[in-house]
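For reference, the structure is listed below as structure tokens.
Everything numeric in this text was worked out from a predicted model, so none of it was measured.
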Amino acid sequence: MASAVAWRLYMANIRNIVMMETETPLAVRREVAFCEAVYTGSKTVEGVEALRASGAEHFHSVWGRGKIVVTVDAEWKTLRNMRPDVLVDAILAKKNLGTRTDDAPLVIGVGPGFV
């Protein structure tokens with residue numbers, strides 16, 4: 001689900017995308033999931049490539065190459081240091097784990113637990 005949202009945003013010409021993952025991301029279909037970049041360093045889905053970045057200091061270089069950023073940040077600490085225009089929570093944890101409507105001007109929650 002998260003990869004589909006990121007892919008669609010990218011295709012809508014929104015390019016500064018960060019996907020935060022855990023060290024061992026879960027995915028139903030790994031061949032169409034950007035989270036594979038955690039293991040391999042990069043992953044291309046339907047012509048859009050994501051690269052793993054080791055920290056926020058590397059985000060601009062990945063974006064400069066026209067790629068989606070994938071970073072490991074299970075506690076969302078990176079979010080505290082940046083103010084995204086859009087935040088999409090696609091964790092699908094069956095409940096909201098702490099995403100707030102004031103985290104960004106536009107916040108989208110995917111799955112149960114969001115109103």
Legend entry - Within 6.0 Å of CD in E57, more than 12 heavy atoms from elsewhere: yes

Inset, instruction - Give the minimum heavy-atom separation between E21 and C35, together with the two atoms involved. - result: OE2-CB, 3.3 Å

Legend entry - Side chain proximity check, N16 to F59, heavy atoms < 4.5 angstrom: no

Legend entry - Side-chain donor or acceptor of R52 paired with backbone N/O of V70 under 3.5 Å: no

Inset, instruction - Please examine the side chains of I91 and L97, heavy atoms only from C-beta on, and report whether any two atoms are closer than 4.5 Å. - result: yes

Legend entry - Backbone of T78 reached by a side-chain donor or acceptor of D73 within 3.5 Å: yes

Inset, instruction - First locate atom CZ of R30, then atom OG of S3, and finally report the distance between them rounded to the nearest 0.5 Å. - result: 10.5 Å

Legend entry - From CZ (R65) to NZ (K67), nearest 0.5 Å: 6.5 Å

Legend entry - M82 atom CE, neighbour heavy-atom count above 12 within 6.0 Å: yes

Legend entry - Minimum side-chain heavy-atom gap V107-D89 below 4.5 Å: no

Inset, instruction - Kindly give the heavy-atom pair with the smallest separation between T71 and V18, and that separation in Å. - result: CG2-CG1, 4.0 Å

Legend entry - Pairwise distance CG(L51) to OG1(T44) - rounded to 0.5 angstrom: 8.0 Å

Legend entry - Y10 side-chain N/O to E49 backbone N/O, donor-acceptor pair under 3.5 Å: no

Legend entry - Side-chain touch F34/V48, heavy atoms, less than 4.5 angstrom: yes

Legend entry - Atom of A33, atom of K43 and distance for their closest heavy-atom approach: O-CG, 3.3 Å

Legend entry - Atom pair NZ (K95) and CZ (F114), whose distance is rounded to the nearest 0.5 Å: 11.5 Å

Legend entry - Reported OG1-to-OH distance for the pair T24 and Y39, which is rounded to 0.5 angstrom: 5.0 Å

Legend entry - Same apolar cluster (I L V M F W Y, side chains within < 4.5 Å links), L26/V38: no

Inset, instruction - Determine the minimum heavy-atom distance between I68 and V62, stating which atoms define it. - result: O-CG1, 3.8 Å

Inset, instruction - Measure across D85 and A104 and return the closest heavy-atom pair with its distance rounded to 0.1 Å. - result: O-CB, 4.0 Å

Inset, instruction - Mind listing the closest non-hydrogen atom pair of T99 and L87 along with its distance? - result: CG2-CD2, 3.9 Å

